[in-house]
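One structure is given here, and the rest of the page talks about it.
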Amino acid sequence: MSTGESKPATADPALASAAIAAAGDAIVTTDGQGWITSWNRAAELLLGISAEQAIGQTLALIIPEAFRARHAACFRA
């Protein structure tokens, strides 16, 4: 190995999942089309919506109605 070079870090999905679950901040992830793919406990407490209710929905679930059209436009091809 040459000096100054290091091996690129790889993400550990289990570690990332544990960190998100333990976070004190609300963390919501989506896929490329805006569908909610994860919703941690802090998001449940802050927003009053369970992960079971949120996952599979779009972010329109938590976006004020006045901003939903603009948000949806970001995902149009």
Side-chain angles (χ1 to χ4, degrees):
M1 180 178 259
S2 61
T3 60
E5 293 183 29
S6 62
K7 183 178 175 185
T10 57
D12 178 349
L15 181 60
S17 180
I20 289 170
D25 294 323
I27 300 174
V28 175
T29 61
T30 64
D31 65 13
Q33 287 73 48
W35 296 97
I36 297 169
T37 57
S38 73
W39 186 273
N40 72 350
R41 178 72 178 137
E44 289 182 332
L45 295 172
L46 178 69
L47 300 165
I49 301 169
S50 72
E52 185 177 276
Q53 293 170 308
I55 294 172
Q57 302 295 317
T58 68
L59 280 178
L61 180 68
I62 59 171
I63 295 173
E65 190 171 344
F67 300 108
R68 289 180 187 165
R70 187 181 327 167
H71 174 77
C74 294
F75 294 100
R76 291 190 191 118

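If you take CG on L47 and CD on Q53, they are separated by 11.5 Å, rounding to the nearest 0.5 Å. Between L59 atom CG and T30 atom OG1 the span is 5.5 Å, to the nearest 0.5 Å. Interatomic distance, Q33 CD to C74 SG, rounded to the nearest 0.5 Å: 13.5 Å.
A pairwise comparison of heavy atoms in I49 and W39 identifies O-NE1, 2.8 Å as the closest pair. Closest heavy-atom contact between V28 and A43: CG2-CB, 4.1 Å. Taking all atoms of both residues into account, the shortest heavy-atom contact from A26 to L46 is CB-CD2, 4.0 Å.
Residue pairs that meet the salt bridge (Lys or Arg N to Asp or Glu O under 4.0 Å) test with at least one member in residues 60-74, sequence neighbours left out, do not exist here.
Under a 3.5 Å cut-off, the side chain of D25 and the backbone N or O of A42 do not form any donor-acceptor pair.
You'll find the side chain of T58 reaches within 4.5 Å of the side chain of W35, heavy atoms only.
A side-chain contact (heavy atoms from CB on, under 4.5 Å) with T29 is found for exactly one of T37, I36, I55, namely T37.
L61 and I63 fall within the same hydrophobic cluster, where Ile, Leu, Val, Met, Phe, Trp and Tyr residues are linked whenever their side-chain heavy atoms come under 4.5 Å apart, directly or through other members. Using a 4.5 Å cut-off between side-chain heavy atoms of Ile, Leu, Val, Met, Phe, Trp and Tyr, with links allowed through other members, L45 and I27 fall into different hydrophobic clusters.
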